[in-house]
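Here the structure is a predicted model, which is why all the values come from computation and not from measurement.
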Amino acid sequence: MKLGYSRVVAAMILGSTLGFAAEATNLQEVFTQGELTGTVGWFGIHQNNKGETPDAGFSNGYLNVGFETAPFYGVSLGVSGWGSAKTSEKNDDDYKSNIEDRSVLSQAYVKIEQEGLGKVVLGRQAVDFNWLGDYIDGATAEISAVENLVVSLAWARKYSVVDIDEVSEEFSKLNENKGIYMIDAKYTPIEALELNPYLYYGENLLSAYGLKATLTLAPSEEVKTTTMAHYVSVNSDVGDVKDGSFTQLEQGIELLGGKVALGYMKVDKDGMVNSFSGDMSGLGDFGDQSPFEEGNHVFALDAKTPYIRAEYEIEGVKLATIYGQTKYYDAGFDKKIKEKEFNFSVGYEFIKNLETSLIYANVDNDNKDDSYNAIKAHVAYKF
């Protein structure tokens, strides 16, 4: 793609991951000992589409800055946000269709934290759970008072995506503003085993019960194995929408500095009820944890996806690759469709806090109009 750069207008708004500040002893120290962090970067994508679909692509510079006050009697305030400016695009609206809002207040919260007990966060915040990710308006709590057990609670009233390649137009209402409730527990009865049961509930919408189990063994200093099994059953409370389920199994091994894993994902023939927004398009559409860069249909009706992935680091260069095949039901064609996906990525930190990455994604679908190659480049400096 030929890039026609315009000046990057870096709007000084707030954003980024927030760090921990020392306990303040007075109101003045609340701000003087607070922490300002952020990222300034550039992202670009060129997508070579097959069939009749025209090629696409865009690039944008962004600024992501955040501030969290020092805790005062365990209470701290945080605010963050994001600003983006187009530097190029292949077609009209390539940028706008992905970056729907050029500036957004991504976080604005009150945090109450007590060492040894846990924390409560109220307001707009970043989250990362099994099926609840990105940013929400709501409340979360983390209880860690019991040894080897962490219990997380969440109520999400609104949801948004804010990232280098996608920014939602707004924080969208969840379940017609009644929200989604979640309880998630991580229990380690022994050092090698983590059990992660969880529950999601939306009034007159759905209830989802899941369990993820991860077993990590180190038979020698040179070898470590990781076995993961994940299952969720989703029950619909909406009209004639059928119940669904999702299963994932993965076996990985670390050897000679590299990691290799074989995995398999399966979606029920009736799908994975609900995206939380009310359109009932699939649980995996909301904060999913797909291992693929694209993963267009891994959560589709009756999707079955075997895959293999590998990671290796040499002289500070991080290499990663994954290949998989998804067979899924396509309602438009009224038949099973196969999609193959191959990803390869390389990343390197040139100097401290300055990172670059390049990702190549190849998607080969039985429907040629859904096949494409994509190259994504990212440069970011964190401060």
Side-chain angles (χ1 to χ4, degrees), residues 1-6 42-62 84-102 134 161-169 172 265 267 271-272 275 277 279-282 284-288 290-307 309 320-346 357-378:
M1 177 173 64
K2 184 177 180 180
L3 299 179
Y5 288 96
S6 61
W42 177 88
F43 170 81
I45 175 175
H46 172 66
Q47 185 167 307
N48 179 27
N49 295 313
K50 308 299 182 181
E52 301 298 322
T53 307
D55 295 347
F58 72 93
S59 65
N60 74 107
Y62 67 88
S84 174
K86 178 178 68 175
T87 55
S88 69
E89 64 180 346
K90 179 70 173 178
N91 309 296
D92 292 341
D93 293 331
D94 279 354
Y95 171 78
K96 181 63 178 177
S97 62
N98 291 277
I99 311 297
E100 297 181 272
D101 192 343
R102 291 183 296 176
D134 302 307
V161 176
V162 183
D163 209 342
I164 61 173
D165 60 347
E166 180 183 1
V167 178
S168 301
E169 183 176 6
S172 303
M265 296 185 290
V267 176
M272 290 179 63
S275 69
S277 60
D279 62 8
M280 310 307 290
S281 60
D285 292 340
F286 187 89
D288 71 78
S290 168
F292 293 92
E293 177 67 21
E294 304 296 298
N296 300 312
H297 304 287
V298 295
F299 298 113
L301 294 174
D302 201 20
K304 299 177 178 64
T305 309
Y307 63 89
R309 61 187 183 91
T321 186
I322 184 172
Y323 174 78
Q325 293 187 7
T326 301
K327 289 184 179 180
Y328 65 98
Y329 176 74
D330 189 301
F333 290 94
D334 192 25
K335 66 178 182 179
K336 294 294 289 290
I337 298 289
K338 179 190 292 185
E339 180 169 280
K340 304 174 185 177
E341 180 172 348
F342 170 75
N343 303 157
F344 177 77
S345 67
V346 56
S357 65
L358 189 67
I359 298 175
Y360 170 76
N362 176 272
V363 175
D364 183 10
N365 194 291
D366 286 347
N367 175 23
K368 289 304 179 183
D369 285 337
D370 290 335
S371 300
Y372 58 90
N373 298 314
I375 297 178
K376 305 178 183 182
H378 183 214

Applying side-chain contact (heavy atoms from CB on, under 4.5 Å), can you list everything that pairs with Asn373, at least two apart in sequence or on another chain? Asn48, Lys50, Tyr360, Asn362

Above 12 or not: heavy atoms from other molecules or residues under 6.0 Å from NZ of Lys304? yes

List in chain and number order the residues that pass side chain to side chain donor-acceptor pair (under 3.5 Å) with Lys338, two or more places apart in sequence or in another chain; answer none if no residue qualifies. none

As an exercise, state the distance from CG of Leu301 to NZ of Lys336, rounded to the nearest 0.5 Å. 10.0 Å

Under the 3.5 angstrom rule, does the side chain of Thr87 hit a backbone N or O of Ser59 as a donor-acceptor pair? yes

As an exercise, state the distance from NE2 of His378 to OH of Tyr62, rounded to the nearest 0.5 Å. 2.5 Å

Can a donor-acceptor pair be found, under 3.5 Å and without considering hydrogens, that links the side chain of Ser168 to the backbone of Val161? yes

Check Ser290 against Phe299 and note the closest heavy-atom contact, atom names and distance. CB-CE1, 4.0 Å

Hey, could you give me the CD1/CZ distance between Ile322 and Arg309, rounded to the nearest 0.5 Å? 6.5 Å

Main chain of Ala361, side chain of Glu341: is a donor-acceptor contact present, judged purely on distance under 3.5 Å? no

Tell me, please, which residues at least two apart from Asp101 pass side-chain contact (heavy atoms from CB on, under 4.5 Å). Ser103, Val104, Val167

Using side chain to side chain contact (heavy atoms under 4.5 Å, CB included), reason through Thr326 and Tyr307 one step at a time and then give a plain yes or no. CA-CA 9 Å; Thr326 301; Tyr307 63 89; over 6 Å; no

Between Asn60 and Ile164, what is the shortest heavy-atom contact and its length? ND2-O, 3.5 Å

Under the rule for side chain to side chain donor-acceptor pair (under 3.5 Å), what residues qualify as partners of Tyr329, not counting sequence neighbours? Asp334

Show every salt bridge (Lys or Arg N to Asp or Glu O under 4.0 Å) that has at least one partner inside residues 365-378, sequence neighbours left out. Glu293-Lys376, Glu294-Lys376, Asp364-Lys368

Measure across Asp94 and Ser97 and return the closest heavy-atom pair with its distance rounded to 0.1 Å. O-OG, 3.1 Å

Take Asn98 and Phe58 through the test side chain to side chain contact (heavy atoms under 4.5 Å, CB included) and record every step on the way to the result. CA-CA 9 Å; Asn98 291 277; Phe58 72 93; 3.5 Å; yes

Not counting sequence neighbours, which residues clear ring-ring contact (aromatic ring centres under 6.0 Å, His included) with Tyr328? List them please. His297

dist Asn367:CG -> Phe333:CZ (nearest 0.5 Å) comes out at 4.0 Å

Minimal heavy-atom distance between Lys90 and Ala56, with the atoms involved, is CB-C, 3.8 Å

With rounding to the nearest 0.5 Å, note down the distance linking CG in Asn365 to CG in Asp330. 8.0 Å

Polar side-chain atom of Asn49 near backbone of Pro54 as donor-acceptor pair, under 3.5 Å: yes

Report the distance from atom CG of Asp134 to atom CG of Asp163, rounding to the nearest 0.5 Å. 7.5 Å

Please tell me if the side chains of Ile99 and Lys86 come closer than 4.5 Å, counting only heavy atoms from C-beta onward. no

Any side-chain heavy atom of Ser84 sitting closer than 4.5 Å to one from Phe43? no

